[in-house]
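The structure under discussion appears below in the form of C-alpha cells.
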Amino acid sequence: MASIFRPSVSVDLRPKVTCTNHHSTIERFDFRKNKNLRKDRLNGSLKANQAQGSAEGIRVVQEKEVCNQTDYGVVGVHHVGLLCKNLERSLEFYQNILGLEINEARPHDKLPYRGAWLWVGSEMIHLMELPNPDPLTGRPEHGGRDRHACIAIRDVSNLKEILDKAGIEYTMSRSGRPAIFTRDPDANALEFTQV
C-alpha cells in the first residue's frame, strides 16, 4: 500500500540557521514566527537576512546567524510516544488506514511492555501498550483543542477520502488552512496538515 506519509524524496523545508558560540554550531532555528519573543530569549545577537526564492515551489531562505548560550544541539523531533490499550487494534488504524510502516530496527522486544515503532517520514510514532491515565470521554470534539501530534502531509483531500471510506470521524481546521484532525482508537488526537 502506498503511503501518503513516506515521500519518495526527502526535502528539508526548514530555513537553515547557523548558531555560533564558543560551545558549538547548530542549524535549523525558525525565526519567522514571533521574532521579538525569540530575540528576547536569546543570550546574544540575531542577524536575520532572508532572501527568498523558489526551487520547484519550495521556499528557499538564506542562512541566518544566531548566538545562543543555551545551545545543546537540538536537531528535530525523533518520535512521539502514544499510549494504546490494544496494540493490534492500533496497528490496524496506523498501518491499514494511515499506511504507516513499522520500523523493524527499533527494539520492540527489549522493553517491558508491548509496542511498535512506526515511520512518519524520517521521524516515528512509538505505540506503547500501557494503561492510559487520560480519560477516553469528555475530550474536546476538535483535536486541535487537545494534546495532539501534527503530521505534515502532501494532500489533505486524499486523506479526507481515506478517512471517509474507513468511516473515521474527523474535523477540519477551524482556521481554514488545509488540515484535518482525527483520533486514533485510543482517543489520541492527530493533526494532519498540508505542506
Side-chain angles (χ1 to χ4, degrees), residues 1-14 28 30 72-195:
M1 172 181 192
S3 173
I4 61 175
F5 303 105
R6 294 292 304 264
S8 57
V9 176
S10 178
V11 177
D12 188 353
L13 300 177
R14 297 169 292 188
R28 295 187 180 100
D30 184 355
Y72 53 92
V74 173
V75 295
V77 175
H78 182 268
H79 70 273
V80 173
L82 299 176
L83 301 178
C84 64
K85 183 176 182 178
N86 181 291
L87 184 60
E88 287 72 27
R89 180 180 70 170
S90 293
L91 287 174
E92 172 69 25
F93 174 78
Y94 284 97
Q95 287 186 287
N96 297 338
I97 304 295
L98 298 182
L100 301 184
E101 299 172 11
I102 289 182
N103 178 354
E104 297 294 345
R106 296 303 296 175
H108 301 285
D109 57 344
K110 296 189 187 322
L111 299 172
Y113 52 85
R114 293 173 23 129
W117 297 79
L118 300 159
W119 284 114
V120 181
S122 61
E123 290 77 27
M124 293 171 279
I125 289 177
H126 182 198
L127 294 175
M128 300 173 284
E129 191 178 81
L130 292 167
N132 191 342
D134 293 328
L136 299 180
T137 59
R139 308 281 287 275
E141 176 189 355
H142 182 60
R145 297 183 179 184
D146 199 357
R147 289 183 299 269
H148 62 278
C150 181
I151 298 170
I153 63 173
R154 292 185 305 264
D155 188 353
V156 165
S157 60
N158 188 21
L159 178 59
K160 187 176 182 225
E161 290 177 21
I162 291 168
L163 296 175
D164 284 339
K165 185 176 178 182
I168 295 174
E169 293 181 11
Y170 58 86
T171 56
M172 302 303 292
S173 172
R174 303 281 198 243
S175 69
R177 63 190 169 80
I180 290 179
F181 292 83
T182 191
R183 292 186 182 274
D184 74 3
D186 293 282
N188 293 305
L190 301 169
E191 175 184 357
F192 299 90
T193 189
Q194 186 170 305
V195 294

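Just so it is clear, the structure is predicted and the values come from calculations on it, not from any experiment.
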Set of residues satisfying side-chain hydrogen bond (donor to acceptor under 3.5 Å, both in side chains) with respect to Arg106, sequence neighbours excluded
none
Value for SG (Cys150) from CG (Leu190), rounded to nearest 0.5 Å, stands at 9.5 Å
So, taking the atom named CH2 in Trp119 and the one named CD1 in Ile125, what distance separates them when rounded to the nearest 0.5 Å?
12.5 Å
Could you pull out all residues at least two apart from Ser157 that satisfy side chain to side chain contact (heavy atoms under 4.5 Å, CB included)?
Asp155
Please check: side-chain N/O of Asn188 versus main-chain N/O of Leu83, any donor-acceptor pairing under 3.5 Å?
yes
With sequence neighbours left out, the residues meeting salt bridge (Lys or Arg N to Asp or Glu O under 4.0 Å) with Asp186 are Arg89
Between Ala152 and Val195, what is the shortest heavy-atom contact and its length?
CB-CG1, 3.8 Å
Minimum heavy-atom distance between Thr171 and Gly143, given as atom pair plus value
OG1-N, 4.3 Å
For residues 155-184, which residue pairs pass the ring pair (Phe, Tyr, Trp, His ring centres under 6.0 Å) check, not counting sequence neighbours?
His142-Phe181, His148-Phe181
Residues at least two apart in sequence or cross-chain that pass side-chain hydrogen bond (donor to acceptor under 3.5 Å, both in side chains) with Arg147, listed by chain then number, are Asp134
Give me the atom names and distance for the closest heavy-atom approach of Ala179 to Glu191.
CB-OE2, 3.9 Å
Salt bridge (Lys or Arg N to Asp or Glu O under 4.0 Å) against Arg174, all qualifying residues, sequence neighbours excluded:
none
For Asn132 and Lys85: C-alpha separation, side-chain torsions, deciding distance, then whether side-chain contact (heavy atoms from CB on, under 4.5 Å) applies.
CA-CA 7 Å; Asn132 191 342; Lys85 183 176 182 178; over 6 Å; no
Hits for salt bridge (Lys or Arg N to Asp or Glu O under 4.0 Å) against Glu88, two or more places apart or cross-chain, chain-then-number order -> Arg114
Contact summary for Val80 and Ala149, nearest pair of heavy atoms:
CG1-CB, 4.0 Å
Which residues satisfy the side chain to side chain contact (heavy atoms under 4.5 Å, CB included) test with Leu111, sequence neighbours excluded?
Tyr113, His126
Per the side-chain contact (heavy atoms from CB on, under 4.5 Å) rule, which among Asn103, Leu98, Asn96 passes with Leu100?
Leu98
Which residues pass the side-chain hydrogen bond (donor to acceptor under 3.5 Å, both in side chains) test with Arg139, sequence neighbours left out?
Asp146
Which pair of heavy atoms, one from Val77 and one from Glu123, lies closest together, and at what distance?
O-CG, 2.7 Å
Distance, nearest 0.5 Å, that separates CG of Leu118 from OG of Ser90
9.5 Å
With sequence neighbours excluded, what pairs up with Val156 under the side chain to side chain contact (heavy atoms under 4.5 Å, CB included) test?
Ile153, Met172, Pro178, Ile180, Gln194
Would you give the length of the straight line joining atom CD of Gln95 to atom CD1 of Ile102, rounded to the nearest 0.5 angstrom?
4.0 Å
The criterion is ring pair (Phe, Tyr, Trp, His ring centres under 6.0 Å); which residues satisfy it with Tyr94, sequence neighbours excluded?
none
Got a sec, which residues hit side chain to side chain contact (heavy atoms under 4.5 Å, CB included) with Ile168, two or more places apart in sequence or on another chain?
Phe93, Ile97, Leu163, Ala166, Thr182
So CG of Leu159 and CG of Asp164: to nearest 0.5 Å the spacing works out to 9.5 Å
